[in-house]
Amino acid sequence: MPRYQHILFDLDGTLIDSAPAILASFREAFAQTGIAPVRSIDESVIGPPLTETLQLLSGSTDPAAIARLTEAFKASYDSEGYKATAAYDGVGDLLAELAGAGLRLSIATNKRIHPTCLILEHLGWRDHFSHIYALDLFTPRLPDKAAMIARLLADQGIAKDAAIYIGDRSEDGESADANGLPFIAVTWGYGSLTPAEMRADWRSAAQPTALGNLLLAG
C-alpha cells in the first residue's frame, strides 16, 4: 500500500503549463489600462498570487492602479484566456492512476479559486480531486501557502504522516516544511529548483511517471 494516502498538489508549473495564457492576460491588462510594466512579463513572474504579481510588474502598490489591473486581468483570463492552459505531458495519466489507486488528491494553489475550477473542468480533471484550496477560498484571504496547507489539513482531518505536498518552487517546499509534510519537487515546472536550492530531505521527480513511482511505492 502507498505510504501517503493524501497527495496535495500545487497547480501552476506542477500540473499545468499555464504560462502562455497567464502572460497573454497580463499583457492585455497592462495594454487595456495604459499602465506600463516596469519589468519583463515572462515566465519568471508565474507562481505568486495575482495581487503580488501585479505589484511586481507595475512597480506600484497603489490600490486604485492594482484594482484596475486586477479587473482587466480577470476579464481576459476568466473568460477565454484560461482555455489556453495546457497539461504537462503525462500528468493526466498520472492523476488518473493515483485516483484509481484509491489515493485522495487535493489542490493547494496560489491561483484564484475561480479560474482554478474552470481549468480543472476544462481539462476533465475535476473528479480526480477531493479538495480544492486557494488563498481566496476564504474571507479574509489566507496569507500564504503554508497557512492554506494548514487549513486544508485541519478542515479535512488529514494526518500529517499520511500526506505529502508536490510543487515546483522553493516556496512549495518551505510551505510543506512549515506543516511537517514531506515534499517532492517536480523539475519540469517554471520554478524548477536547482541542486543548490534542494534541501536534504526533499526529493525530486523529472517526469510524471517518476513521480507516480515515488507516490505509489509502498
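In this structure the side chain of Met198 reaches within 4.5 angstrom of the side chain of Ser204, judged on heavy atoms. Residues Glu43 and Leu23 are in side-chain contact: their nearest non-hydrogen atoms beyond the backbone lie under 4.5 Å apart. Side-chain contact between Leu120 and Ile107: present, with at least one pair of heavy atoms (C-beta onward) separated by less than 4.5 Å. The shortest side-chain heavy-atom distance between Leu216 and Glu97 falls under the 4.5 Å cut-off. Within the 4.5 Å cutoff, the side chain of Ile7 has heavy atoms near those of the Ile166 side chain. Between His131 and His6, the closest side-chain pair of non-hydrogen atoms is not below 4.5 Å. At a threshold of 4.5 Å between non-hydrogen side-chain atoms, the residues His114 and Leu118 count as touching. In this structure the side chain of Thr61 never reaches within 4.5 angstrom of the side chain of Ile66, judged on heavy atoms.
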Could you walk me through whether Leu94 and Thr209 pass the side-chain contact (heavy atoms from CB on, under 4.5 Å) check?
-> CA-CA 7 Å; Leu94 168 67; Thr209 51; over 6 Å; no
Show your working on salt bridge (Lys or Arg N to Asp or Glu O under 4.0 Å) between Arg199 and Asp177 and close with a plain yes or no.
-> CA-CA 10 Å; Arg199 298 185 181 176; Asp177 285 352; 2.9 Å; yes
Could you give me the CA-CA distance, side-chain angles and deciding distance for Asp78 and Lys74, then say whether salt bridge (Lys or Arg N to Asp or Glu O under 4.0 Å) is met?
-> CA-CA 5 Å; Asp78 294 5; Lys74 289 179 179 179; over 6 Å; no
Between Val186 and Leu211, does a side-chain contact (heavy atoms from CB on, under 4.5 Å) hold up when you go through it step by step?
-> CA-CA 8 Å; Val186 304; Leu211 178 59; 4.1 Å; yes
Report the C-alpha separation of Ser60 and Asp62 in whole Å, then their side-chain angles, then the decisive distance to 0.1 Å, and conclude whether the side chain to side chain donor-acceptor pair (under 3.5 Å) test is met.
-> CA-CA 6 Å; Ser60 172; Asp62 175 61; 5.1 Å; no
Step-by-step side-chain contact (heavy atoms from CB on, under 4.5 Å) determination, Leu214 to Ile184 = CA-CA 9 Å; Leu214 289 173; Ile184 298 176; 4.0 Å; yes
Before giving the answer on side-chain contact (heavy atoms from CB on, under 4.5 Å), spell out for Leu8 and Leu153 the whole-Å C-alpha distance, their side-chain angles and the decisive distance to 0.1 Å.
-> CA-CA 10 Å; Leu8 282 56; Leu153 297 174; 4.3 Å; yes
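Remark: side-chain polar atoms of His128 are not paired, donor with acceptor, to backbone N or O of Ala99 under 3.5 angstrom. Within the 3.5 Å criterion, the main-chain N or O of Arg169 finds a donor-acceptor partner in the side chain of Asp172. In this structure, Asn179 contributes its side chain and Ala146 its backbone to a donor-acceptor pair below 3.5 Å. Arg126 places a side-chain N or O within donor-acceptor distance of the main-chain N or O of Phe129, the cut-off being under 3.5 Å. Between the Arg39 side chain and the Leu57 main chain, no donor and acceptor come within less than 3.5 Å of each other. Between the Trp188 side chain and the Thr14 main chain, a donor and an acceptor come within less than 3.5 Å of each other.
Other residues, nucleotides and ligands place no more than 12 heavy atoms under 6.0 Å from the CG atom of Asp89. Counted within 6.0 Å of CZ on Arg112, heavy atoms from surrounding residues, nucleotides or ligands total more than 12; the atom is thus considered enclosed.
Interatomic distance, Ile132 CD1 to Cys117 SG, rounded to the nearest 0.5 Å: 4.5 Å. Rounding to the nearest 0.5 Å places CG of Leu142 at 11.0 Å from CD1 of Ile149. Atom CD1 of Ile119 sits about 3.5 Å away from atom OG1 of Thr85, to the nearest 0.5 Å. Note that CG of Leu152 and NZ of Lys145 are 12.5 Å apart. Values are rounded to the nearest 0.5 Å. Summarising the geometry, atom OG1 belonging to Thr33 is positioned 4.5 Å from atom CG belonging to Leu69; distances are rounded to the nearest 0.5 Å. Taken from CG in Leu181 to CD1 in Ile164, the straight-line distance is 8.5 Å, to the nearest 0.5 Å.
Applying the side-chain hydrogen bond (donor to acceptor under 3.5 Å, both in side chains) criterion to Gln207, with sequence neighbours excluded, gives no partner residue. Partners of Phe73 according to the ring pair (Phe, Tyr, Trp, His ring centres under 6.0 Å) rule, which considers only residues two or more places apart in sequence or in another chain, are Phe26, Tyr77. Under the side-chain hydrogen bond (donor to acceptor under 3.5 Å, both in side chains) criterion, Glu171 pairs with Asn110, sequence neighbours left out.
When the options Asp10, Asp136, Thr116, Asp12 are evaluated for a side-chain hydrogen bond (donor to acceptor under 3.5 Å, both in side chains) with Lys111, the one that passes is Asp12. Applying ring pair (Phe, Tyr, Trp, His ring centres under 6.0 Å) to Phe183 and the options Trp202, Tyr4, Phe9 leaves one that passes, Trp202. Each of Gln32, Glu71, Glu28 was checked for a side-chain hydrogen bond (donor to acceptor under 3.5 Å, both in side chains) with Ser76, and the lone residue meeting it is Glu28.
Met148 approaches Ala108 most closely through the heavy-atom pair CE-C, 3.7 Å. Here the closest heavy-atom approach between residue Ala176 and residue Tyr165 is recorded as CB-CB, 4.0 Å.
Note: Phe138 and Tyr133 meet the aromatic proximity criterion, with ring centroids under 6.0 Å apart.
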